[in-house]
Colleague: 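Quick one: this structure, given as structure tokens, is what I'll be asking you about.
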Amino acid sequence: MSKIDQLFSNLRREKRKALMPFVTAGDPDLAFTADVLRELVGRGCHLCEVGIPYSDPIADGPVIQASYTRALAHKIKLADILETLGGVAPKMEAPLVTMVSYAIVYRHGLEKYADEVQQRGLAGLIVPDLPVEESAQLAAICRRSDVSLIQLVTPTTPRERAVRIAETSTGFLYYVSVAGITGERTQLPPELVDNVGWLRTQTDLPICIGFGISKPEHVKLLAPVADGLIVGSAIVRRIAAAADEPREKVLRDVGDYVAELLAAMTNDE
Amino acid sequence: MIAFAAISVQLPLFLYSLSVFSVSSVSSVVNLPGLDSHAIAVENQRKELYHLMTSANAMTQVPDAAGRFGAFGGRYVPETLVRALDELGSEYDKACQDAAFQSELASLLKHYVGRPSPLYHAKRLSNECGGAQIWLKREDLNHTGSHKINNTLGQGLLTLRMGKQRVIAETGAGQHGVATATACAHFGLECVVYMGEEDIRRQAPNVFSMKLLGAEVRPVSSGSRTLRDAINEAMRDWMASVETTHYILGSVVGPHPFPRIVRDFQSVIGRETIQQSREQLGRLPDTIVACVGGGSNAAGMFYPFIEHANVALVGVEAGGRSAKPGDHAAPLSHGRPGVLHGSYSYVMQDDDGQTCDVHSMSAGLDYPGVGPEHSYWKDTGRVTYTNCLDKEALAAFDALAKSEGILAALESSHAVAKAMDLARSKPNEHAIVVCLSGRGDKDAAEIARLRSQHAE
């Protein structure tokens, strides 16, 4: 049983939901990324996604794009990111997963990437530009190393295809709330709850919803239908302030923010 | 095997009907009295295409159902786009089988674009080089001044078939942007073109044209502010607008089925060249030369020649200032296979998979990737890829202007430069056809600026 399977099995037993923040590795530097991860988990987040900066992220909105650009401007290297994460992950209760473009995984080598993820104590990876048709090879490698390969379903995914994706995903299923790029949204699509409800009837895999989620109201609306909620741009935007504010203040802001979301999550139950 | 069978059914009918320069279908042309020479030409073309479609040459039977050209191609995109790409592929398959679609496109290519574009013997340029004959396939004479219109009209018709009302596009040199804006004006579609700020600066005349044609030009300020970033931004738009918007990708790059669709729409260049060579040279040429950025004019020119093994095919990338990393935009010459913009192909990437900055004075070639079919042709050895420095392309631009009275696009000037090199080493019987993919009016100001920089 993988670390992620263990997490969701515990949460389900306790009838609790996961809050999964996203942070960009190396924004503004890796030492701060490590601090942020410890803060997030210390505040009670259940799993953290770490974005590996990429030069051409077509699924990302301006906030995450800008964070990738800041990190890459410092010539950040994958080896250093993995080393930092390897220093943090084993001491953390919450699993860490990397969100990484296939361009990077391919260049690094599929087996090598999966092996390193496993050896560093990371729990899995999300490859947002690797649709199910192209994922067989990486999925087989991940299964061998007991690393989760989390696949995505979106509002544009036909239903029979969603079922097929659910069958190949491991760890959890990432449901993208909107057709579009990452970024905070005031309103989420009205059909979102129904769509996730339908998907719930098709798979036992934990379902986590991401994209656009930033407000306690979103959390209250969605926590009941999902196993976990993913919050990215709202956190990355707060971290961006580290460029001109004291780091302790930024850490506290980020921590207070997730605490607010966690409270919305538990109040709901 | 199933994939091969499916493609060999889809592709030929499409190629067959597009090959007809007349508005009418092939059979009606043949039945018309008084058009004997045309009818014979059409018949020859028909035999040519029949040969192409029944050929055992596996190299023309790509891509497979997954969009693979050998190992290259595929579809590395967010899940959000997969359904739209599937729909585009199946709509295109239907269009290939639909005589009405094909005759409408053939009619537009003849009456709106002005096809066939001439095949012109550049005698004075040939004499200057002293060797082989240089012929120019004059895509610069098309409406909008480049080959790009062949693809945008085809994809514009597909947009209508899919019931979409809005079109987005990326552009580098602005030629594809102008051709897309033109097609959208013609079809009554809303048009948004993404263009890097650096390219907006160096290709200003095309920016004005796009606006005059009713398109909105959205400047892209991220990354290198060139073609690569314009594609990123168009993809991001499409992520959110995919239900109502078609993305008219302008080159043979991107996720399946774009490389196939764009190649097929551009193949009219190569098919005409085969027919015109037979009429004007009495045979096929010995060598074909085309410039390669993403590679759409080259793919359209080369594809019909692929199975004619004794015709040498030469693709010319942007060699920029030098062979040093960052100084050129020549992934087939200096790069390695990797993933960029939805497909697996040669690319300029660092050891971490980050896309490298590239350079070419020519905005249309200033791109770190290349179409997957070119990677396939490179690895199979069917096409030879080389590159040409900025300054060599500028010299060729001058030579062609002064000896023939033709201002070629800076992109196409790369091909002209290699053809001139090649001509010097070949005998007079050797015939070289250069795909003159676009005209150079758009570059006049940039050339003046480059000259004054060099003078300083």
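First the proteins, then the strands, lettered A, B, ... as listed; each starts at 1. The structure displayed is predicted, hence computed values, not measured ones.
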Colleague: Just jot down the side chain to side chain donor-acceptor pair (under 3.5 Å) partners of B:Y385, sequence neighbours excluded, or say none.
Modeller: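 B:Y385 satisfies side chain to side chain donor-acceptor pair (under 3.5 Å) with B:H374 only.
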Colleague: Between A:I52 and chain B, which part of the residue has a heavy atom less than 4.5 Å away: side chain, backbone, both or neither?
Modeller: neither
Colleague: Under a 4.5 Å heavy-atom cut-off, does chain B meet the side chain of A:P128, its backbone, both or neither?
Modeller: backbone
Colleague: Top residue by heavy-atom pair count (under 4.5 Å) with chain A, among B:P255, B:A234, B:P337?
Modeller: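 Result: the option with the highest number of such pairs is B:P337.
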Colleague: For B:E317, check salt bridge (Lys or Arg N to Asp or Glu O under 4.0 Å) against everything at least two apart and list the hits.
Modeller: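 In terms of salt bridge (Lys or Arg N to Asp or Glu O under 4.0 Å), with neighbours along the sequence ignored, B:E317 is linked to no residue.
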Colleague: Mind listing the donor-acceptor pairs under 3.5 Å that bridge chain B and chain A?
Modeller:
residue	atom	partner	partner atom	Å
B:R68	NH2	A:E134	OE1	2.7
B:R75	N	A:E134	OE2	2.8
B:Y76	OH	A:E134	OE1	3.4
B:V77	N	A:D129	O	3.3
B:E79	OE1	A:R161	NE	3.4
B:E79	OE1	A:R161	NH2	2.8
B:E79	OE2	A:T157	OG1	2.9
B:E79	OE2	A:R161	NE	2.9
B:T80	O	A:T156	OG1	2.8
B:R83	NH1	A:T156	O	3.4
B:R228	NE	A:D56	OD1	3.4
B:R228	NE	A:D56	OD2	2.7
B:R228	NH2	A:D56	OD1	3.3
B:N232	ND2	A:D56	OD2	2.8
B:R236	NE	A:P57	O	3.2
B:R236	NE	A:D60	O	3.2
B:R236	NH1	A:Q65	OE1	3.2
B:R236	NH2	A:P57	O	2.9
B:M239	O	A:G180	N	3.1
B:P337	O	A:R107	NH1	3.4
B:P337	O	A:R107	NH2	3.0
B:Y344	OH	A:Y106	OH	2.6
B:Q349	OE1	A:R107	NE	3.1
B:Q349	OE1	A:R107	NH2	2.8
B:D352	OD2	A:L78	N	2.7
B:Q354	OE1	A:S55	N	2.8
B:Q354	NE2	A:P53	O	2.8
B:T355	N	A:S55	OG	2.9
B:T355	OG1	A:S55	OG	3.2
B:T355	OG1	A:D56	OD1	2.7

Colleague: Is A:I81 in contact with chain B via its backbone, its side chain, both, or neither, using a 4.5 Å heavy-atom distance?
Modeller: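 Neither part.
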Colleague: What part of A:P62 is in contact with chain B, defined as an atom under 4.5 angstrom from a non-hydrogen atom: side chain, backbone, both or neither?
Modeller: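 No part of A:P62 comes within 4.5 Å of chain B.
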Colleague: Tell me every residue that passes side chain to side chain donor-acceptor pair (under 3.5 Å) with B:T152, counting only those two or more places apart in sequence or in another chain.
Modeller: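 Expected list: none.
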